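Only this structure's heavy atoms are used, side chains among them; waters, hydrogens and symmetry mates stay out. Given the structure is predicted, the values throughout are model-derived calculations rather than measurements. Quick note on labels: first sequence line is chain A, next is B, and so on, each numbered from 1.
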Protein chains: 2
Amino acid sequence: MKPLIPDDTTSQALTAQALGGGPDRAREDQSLHDETLTRLRDYIVEGSIAEGGRVPERQLCEMLKISRTPLREALKVLASEGLVELLPNRGARVRPLSEQDLGELFDVMGGLEGLAGRLACEHITDAEIAEIERLHYEMYGFYLHRDMHGYFHVNQLIHQKIVEASRNAALKSAYANFAGRIRRVRYSANFARKRERWGEAMREHETILDALRRRAGSELSDILFKHLRNKRTAAVEHLKTDGMAASEPA
Amino acid sequence: MKPLIPDDTTSQALTAQALGGGPDRAREDQSLHDETLTRLRDYIVEGSIAEGGRVPERQLCEMLKISRTPLREALKVLASEGLVELLPNRGARVRPLSEQDLGELFDVMGGLEGLAGRLACEHITDAEIAEIERLHYEMYGFYLHRDMHGYFHVNQLIHQKIVEASRNAALKSAYANFAGRIRRVRYSANFARKRERWGEAMREHETILDALRRRAGSELSDILFKHLRNKRTAAVEHLKTDGMAASEPA
DNA sequence: CCGATCAAAATTGTACACAATTTATCAGTT
DNA sequence: AACTGATAAATTGTGTACAATTTTGATCGG
């Protein structure tokens, strides 16, 4: 058989354990439950299970080489995180994200990023700003070379840095949670083809950096929300067109 | 890469399930797990267990008249919500909230409320605004009569209405989660004695209502965050002084 | 008398068994 | 042949048993 789940799954941003405010537990003495939780979450976030697909417990148990008890515990947690849906006596399904759901999630992300920016202005060091500037120009390079992949990567890095600079663990956890939920659709749907929006996003990032330099919290908060709102529009638009094709076969 | 999952897309049943820890759900065919989850959460939020207090599973099982399995499932979920802490082989403890934790939570609440206000401006109806106005004046009445209890109650109602008007279920859930975490300390600590802050808060509420009437999203978002930031200062100050006395006997 | 070491009890982590509910299969009837 | 109903299989929900770890308690030595 196949491993089904790679061991060194790059769990980059999703370090924090849920909304808990992250006791950044070392990988050593993780209980079977925690291990299962992390692996299942990554598995789902990566989009390895079809939307709304039924997931028999037995099958997952075999896959993860554990018994049902820790698996079910993990499922309950994932349900509370919003990743799966638990239907009574009918098992767990990967929570389908409607157009509206995605819109809502993006708005919340916008609120959280706005908050992160505002708080970052209170705490960020010059060195951190310099680092973000560096990333910004790197991103600009990707933009010029039309390297979408590199662009997105650095883009996420910048937003992540801002969240870090907020010095707020609770915010960081919540952010990671919502990011994971969105990332699932982002995985199955490639965000390319938004060339016209690209330049606009790049300009928005200029203003973000500017506000950050001036430590203008309220202003930055506003800019970041609107930035995400624009992203939202593009994303929902994308899901609307691409989502159709995916669920078309009928 | 892995089929593994039959593509059975018959899921349309949108159970009002915990989206991020949302405490609103139908009381009908709750599984024992859900029932336990709700009851335990309420129990903890109400402050019935001392901070950091050990909570033997057996004891809780007797109290809730259930076996360990659903209880443990509930504990895992509460841990992911940040209410309790799970120490390996050492059981669950009510998560102690440091001064900093409380500050962080208040800031996140501020961000969420700001977001709620911004979104509310996009969706709120005149009737809803009228309702909030009514509550506002009711609250003002309590203020004039120096009725702290009534004031706080209506105050929470107003903030709740704004969240409702945002028309964002994900936000509502996250808000409920963080509100619960804060409420735990608010219960054990009576927020009285903040007379001087009271008038200021009342004035802030005037501006909130004003911005809401004008549907000035960005402005309202800013006001709401700053409003919560002021609350935060008062609350943290309170915990600093009162928290000492509370954790004395140990 | 106080502290350390080891055994006993209690508590937690996981697996498994059984009951309840849902889903699938298959007659029989129109 | 399609539909309805009953029955069988499978799956989920909950309780309990057992192993592993921690906490408690007692004995021994200083």
Legend entry - Interatomic distance where NE2 belongs to A:H33 and C1' belongs to C:dA15 [whole Å]: 16 Å
Inset, instruction - May I ask you to verify if any side-chain N or O of B:R58 is less than 4.0 angstrom from the OP1 or OP2 atom of C:dT11? - result: no
Legend entry - Any A:T69 side-chain nitrogen or oxygen under 4.0 Å from OP1 or OP2 of C:dT14: no
Inset, instruction - Looking only at non-hydrogen atoms, find the nearest pair between B:I162 and B:A120 and report the distance. - result: O-CB, 3.8 Å
Legend entry - Partner set under ring pair (Phe, Tyr, Trp, His ring centres under 6.0 Å) for A:H159, not counting sequence neighbours: A:H205, A:H227
Legend entry - Atom-to-atom span, CG of B:L71 to P of C:dT11 - whole angstrom: 14 Å
Distances for protein N or O near nucleotides 17-25 of chain C N or O, under 3.5 Å:
unit_1, atom_1, unit_2, atom_2, d
C:dT23, OP1, A:R90, NE, 3.4

Inset, instruction - Would you check if the side chain of B:R183 reaches a backbone N or O of B:G47 as a donor-acceptor pair within less than 3.5 Å? - result: no
Legend entry - First encountered from the 5' end of DNA chain D, between B:K65 and A:E57: A:E57
Inset, instruction - Could you tell me whether the side chains of B:Q160 and B:Y175 share a donor-acceptor contact shorter than 3.5 Å? - result: no
Inset, instruction - State whether a side-chain donor-acceptor pair under 3.5 Å links A:D101 with A:S98. - result: yes
Inset, instruction - Please round to the nearest 0.5 Å and tell me the distance separating atom CG of A:L135 and atom CD of A:Q156. - result: 12.5 Å
